[in-house]
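Working notes, beginning with the structure itself.
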Amino acid sequence: MRIKQSLSDQISKCIAENYDVPVQEFEFQATRKEFRGDLTVVLFPLLKKLRTNPKDLGLIIGDHLKKNTDLVEDFAIIQGFLNLIFSNDHFLDHLNEIRKDEKYGFSKTKHPKEVIVEFSSPNTNKPLHLGHIRNNLLGFSVSRILEANGHSVVKTQIINDRGIHICKSMVAWQKYSDGETPESSGLKGDNLVGKYYVKFDEMYRAEVQNLKEKGHSEKEAAREAPILKEAQEMLKKWEDGDEAVMSLWNKMNNWVYAGFRATYQDLGVHFDKNYFESETYLVGRSFVKKGLKEGYFFEKEDGSVWVDLSDEGLDEKLLLRADGTAVYITQDIGTAIERVKDYNIDKMVYTVGNEQDYHFKVLFIILKKLGFDWADQLYHLSYGMVNLPEGKMKSREGKVVDADDLMKEMTNTAQEIGEELGKLEGYDEVQKLKLFREIGLAALKYFILKVEPTKNIIFNPKESVDFQGNTGPFIQYTYARIQSILRKTTFNIDEKVSDHQLNTKERELMKSMMEFPETVQQAGEQQNPALIANFSYELVKKFNSFYQEHPILGDNDHTTKVFRVQLAKSVGQTIENAFYLLGINVPERM
RNA sequence: AGCUCCGUAGUUCAAUGGAUAGAACAAAAGUUUCCUAAACUUUAGAUCCAGGUUCGAUCCCUGGCGGAGCUACCA
């Protein structure tokens with residue numbers, strides 16, 4: 001980063017000396033591996049402006065850099081590309097900086113922001129599934145990436161603990177459970193409540209079918225099914241504070257929270273602050289009413305409240321139902337307002353699937369209409385769906401990949417592979433299990449995070465997630481090998497190396513490692529963990545290739561040994577830091 | 001129907017508008033008396049179609065085609 005900046009300055013100066021037209025910005029790219037060089041200046045964009053040809057321009061710039069910097073030792077011009085060759089000392093100096101920096105890649109910013117990152121935000125009527133896993137991993141990783149860029153982050157979620165969905169589980173539990181509890185059934189709380197959500201849907205569909213057979217239209221049947229009516233009445237009672245309903249609601253939600261806690265812990269994510277829809281929807285409702293009074297919204301004959309967004313090219317949107325109960329967006333209005341009250345924030349990131357793109361567009365406009373200037377600082381981190389080969393996951397129909405089950409499976413696979421390889425001599429069962437969990441989870445997390453957030457993922461449960469190649473375990477493995485080398489090192493490695501001539505693989509590895517700070521910055525700007533994942537993989541591939549070809553502790557020359565151990569250690573540190581940003585642990589052995 | 005996102009090897013993913021489109025898995029071949037073979041080294045294989053902008057397009061624009069999502073008094 002700093003290298004490109006100082007090169008830019010020098011080239012700028014050079015052009016000012018030789019041409020009439022000033023230029024400040026230049027295009028750099030890593031030199032392709034088939035050519036000699038470390039960094040390439042793309043000359044094409046400059047040719048027209050300066051009315052010259054690549055050869056002349058390249059020579060002028062190349063000569064200038066060679067004379068005026070310690071960095072550039074030589075250069076070559078191929079077509080419109082000026083390939084710069086860096087001095088050996090430059091790499092030695094850089095390694096000396098990196099190896100002392102445990103936080104290598106992380107930086108401060110001149111403009112630190114206070115950011116709220118929302119992710120997870122589950123409904124309390126069913127257990128978490130693979131879709132939630134993607135959400136959690138993205139949100140958690142983006143939080144860490146923002147922190148690594150010098151911002152301060154509050155990790156939060158809005159727990160959707162009220163609404164028609166939970167009433168559905170409650171009604172079904174009341175009617176069909178015989179008082180079943182997590183204790184009596186041995187079921188995890190969220191699974192138990194989810195079971196009755198599925199049960200509700202089953203009964204509902206049967207009733208709709210029944211009504212249709214009695215001659216009702218499809219639409220009518222869907223609206224008039226008695227069990228749905230019951231759920232709606234329960235929601236109304238809930239909003240009125242009915243004691244029996246509240247007590248059932250509390251009981252069932254607590255079952256679910258216990259379940260969620262376990263899942264979050266297994267997944268390795270946590271939050272700084274939870275918001276509950278049951279507490280924020282009232283705030284939302286009062287602001288909707290305020291907006292109504294002030295004329296931003298309007299009321300229909302049946303008493304429902306709407307906002308007209310046709311000026312923005314959108315539709316009318318419901319904000320309060322005719323019976324006065326709140327809808328999803330009502331609470332989101334309240335939650336946002338509460339958060340701004342609680343924290344002095346510059347920015348808020350909502351990690352929510354792209355199926356809600358429209359919802360957030362509307363939400364941000366509404367907040368703006370209500371007169372909140374901070375509405376401009378809200379950002380929807382939209383990501384693609386995780387689908388099954390046969391289509392969308394559907395909790396109601398039981399067509400889901402359960403989060404707990406999946407993590408368990410990943411651990412089991414890691415265990416099978418690990419036991420077969422049998423390299424864990426001296427580890428007891430507890431240590432082994434911890435390691436297998438780390439590896440299984442790494443496979444899963446990396447599998448999800450390496451994909452560009454905007455893209456949909458098709459997850460085929462029959463094809464297991466890989467543990468070889470471009471995977472989390474592969475990168476962990478490289479880290480573990482490096483730790484093994486460090487354990488076997490018997491000499492002092494803090495000695496400063498100043499006379500080692502780097503070979504090709506060592507140079508490649510250094511170049512790769514030096515890209516890390518810029519990658520972290522980009523990942524922060526784009527809120528994209530996939531960049532970190534891809535970086536990690538490139539780095540690790542280069543390390544393995546180097547390690548295969550060159551001995552580290554086995555070399556005859558002392559200085560070379562010291563240099564290579566330092567290099568390996570720094571690569572290990574970089575892997576650890578990169579994986580920290582992805583929320584993945586790195587093991588000492590595997 | 002309208003709006004949004006996505007189309008790259010058989011599969012899963014890469015590629016700030018730049019050089020011969022990179023990897024992994026699967027397939028084929030090789031590497032272990034040596035610091036961990038979950039590794040390394042080879043081989044074969046892809047930009048949905050048609051235009052446009054540009055010195056240069058996987059990337060930007062227009063129009064198709066294909067997939068997903070949204071347009072709910074669901075969340």
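Convention: sequence-line order gives letters A, B, ...; per-chain numbering from 1. Heavy-atom basis, side chains included; hydrogens, waters and symmetry copies ignored. Not measured: the values here are computed from a predicted model.
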**OP:** Could you check if the base of B:U71 is syn or anti? Syn means the glycosidic torsion is within 90 degrees of 0.
**Re:** anti
**OP:** Could you label the plane-to-plane angle of the A:F579 and A:Y446 rings as parallel, tilted or perpendicular, counting under 30° as parallel and over 60° as perpendicular?
**Re:** tilted
**OP:** Could you say whether A:F35 or A:D466 is positioned toward the 5' end of RNA chain B, judged by the nucleotide with the nearest heavy atom to each?
**Re:** A:F35
**OP:** Would you mind reading off the distance between A:Q548 atom CD and B:A38 atom P, rounded to a whole angstrom?
**Re:** 12 Å
Original post:
Among B:G18, B:A39, B:U11, which nucleotide sits nearest the side chain of A:Q468?
Top reply: B:A39
**OP:** Give the nucleotide from the list B:A39, B:U11, B:A75 with an atom nearest to the side chain of A:E463.
**Re:** B:U11
Original post:
Does the side chain of A:N354 pick up a donor-acceptor pair with the side chain of A:Y383 at under 3.5 Å?
Top reply: no
Original post:
Does anything in residues 552-564 of chain A reach RNA chain B, meaning a heavy atom under 4.0 Å, and if so which residues?
Top reply: A:I552, A:L553, A:G554
Original post:
Using the C1' atom in both, what is the distance from B:C55 to B:G69, to the nearest Å?
Top reply: 40 Å
Original post:
So, A:N528 versus A:E452: side-chain donor-acceptor pair below 3.5 Å or not?
Top reply: yes
Subject >> Listed nucleotide nearest any side-chain atom of A:V327, set B:U36, B:A75, B:A38 >> reply: B:A75
Original post:
On the ring face of A:Y281, is A:R162 found with NZ or CZ under 6.0 Å from the centre and within 45° of the axis?
Top reply: yes
**OP:** In whole angstrom, give me the gap between the P atoms of B:C13 and B:U8.
**Re:** 9 Å
Original post:
What nucleotide, of B:A37, B:A19, B:C35, holds the atom closest to the side chain of A:P551?
Top reply: B:C35
Subject >> Separation of the C1' atoms in B:G18 and B:C25, to the nearest angstrom >> reply: 30 Å
Original post:
Looking at B:U54, B:G22, B:A39, which one has an atom nearest to any side-chain atom of A:F474?
Top reply: B:A39
Original post:
So does A:T40 reach the base of B:A19 with its side chain, donor to acceptor, closer than 3.5 Å?
Top reply: yes
Original post:
Picking from B:G69, B:U71, B:C74, which would you name as closest to the side chain of A:I164?
Top reply: B:C74
**OP:** Would you please test A:K399 and A:E390 for salt bridge (Lys or Arg N to Asp or Glu O under 4.0 Å) and show each step?
**Re:** CA-CA 10 Å; A:K399 287 182 197 157; A:E390 59 271 24; over 6 Å; no
**OP:** Calculate the interatomic distance between A:I457 atom CD1 and B:G67 atom C1'; express it in whole Å.
**Re:** 16 Å
Subject >> Dot-bracket encoding of pairs in RNA chain B, which uses [ ] for pseudoknotted crossings and | for another strand, Watson-Crick or G-U under 3.5 angstrom >> reply: (((((((..((((....[...)))).(((((.......)))))....(((((..]....))))))))))))....
**OP:** Tell me whether the guanidinium CZ or amine NZ of A:R589 lies under 6.0 angstrom from the six-membered ring centre of A:Y427 and within 45° of its axis.
**Re:** yes
Original post:
What is the distance from CZ of A:F459 to P of B:C13, rounded to the nearest Å?
Top reply: 12 Å
Original post:
Between the side chains of A:T325 and A:K236, does any donor sit under 3.5 Å from an acceptor?
Top reply: no
Subject >> A:E27 side-chain proximity, nearest of B:A37, B:U16, B:C6 >> reply: B:U16
Subject >> Whole-angstrom distance between B:G64 and B:A38, as gauged at atom C1' >> reply: 46 Å
**OP:** Just compare B:G69, B:G18, B:A23 and give me whichever is closest to any side-chain atom of A:P45.
**Re:** B:G18
Original post:
To the side chain of A:Q356, which of B:A38, B:A75, B:A14 is closest?
Top reply: B:A75
Subject >> Rounded distance in Å between the C1' positions of B:C48 and B:U58 >> reply: 12 Å
Original post:
Can you check salt bridge (Lys or Arg N to Asp or Glu O under 4.0 Å) on A:E397 and A:K392, steps first, answer last?
Top reply: CA-CA 11 Å; A:E397 296 168 26; A:K392 213 175 166 175; over 6 Å; no
Original post:
Which whole-number value in Å describes the distance from A:F535 CZ to B:A24 P?
Top reply: 18 Å
**OP:** With the side chain of A:F467 defined as its heavy atoms from C-beta on, choose the nearest nucleotide among B:A38, B:G18, B:U36.
**Re:** B:A38
Original post:
When the aromatic ring centroids of A:H380 and A:F364 are compared, is their separation below 6.0 Å?
Top reply: no
Subject >> Closest-nucleotide 5' rank along RNA chain B - winner of A:M590 and A:E277 >> reply: A:M590
**OP:** Would you please indicate yes or no on a ring centroid separation below 6.0 angstrom for A:Y350 and A:F360?
**Re:** yes
Original post:
Between B:A24 atom P and A:N534 atom CG, what is the distance in whole Å?
Top reply: 14 Å
**OP:** Using the C1' atom on both, measure B:C5 against B:A44 and round to a whole Å.
**Re:** 34 Å
Original post:
Mind checking the P distance from B:A57 to B:C49? Whole angstroms is fine.
Top reply: 15 Å
**OP:** Is it possible for you to check whether A:K300 lies under 6.0 Å from the centre of the six-membered ring of A:W306, through NZ or CZ, and within 45° of that ring's axis?
**Re:** yes
Original post:
What's the CD-P distance between A:Q521 and B:U16, to the nearest Å?
Top reply: 16 Å
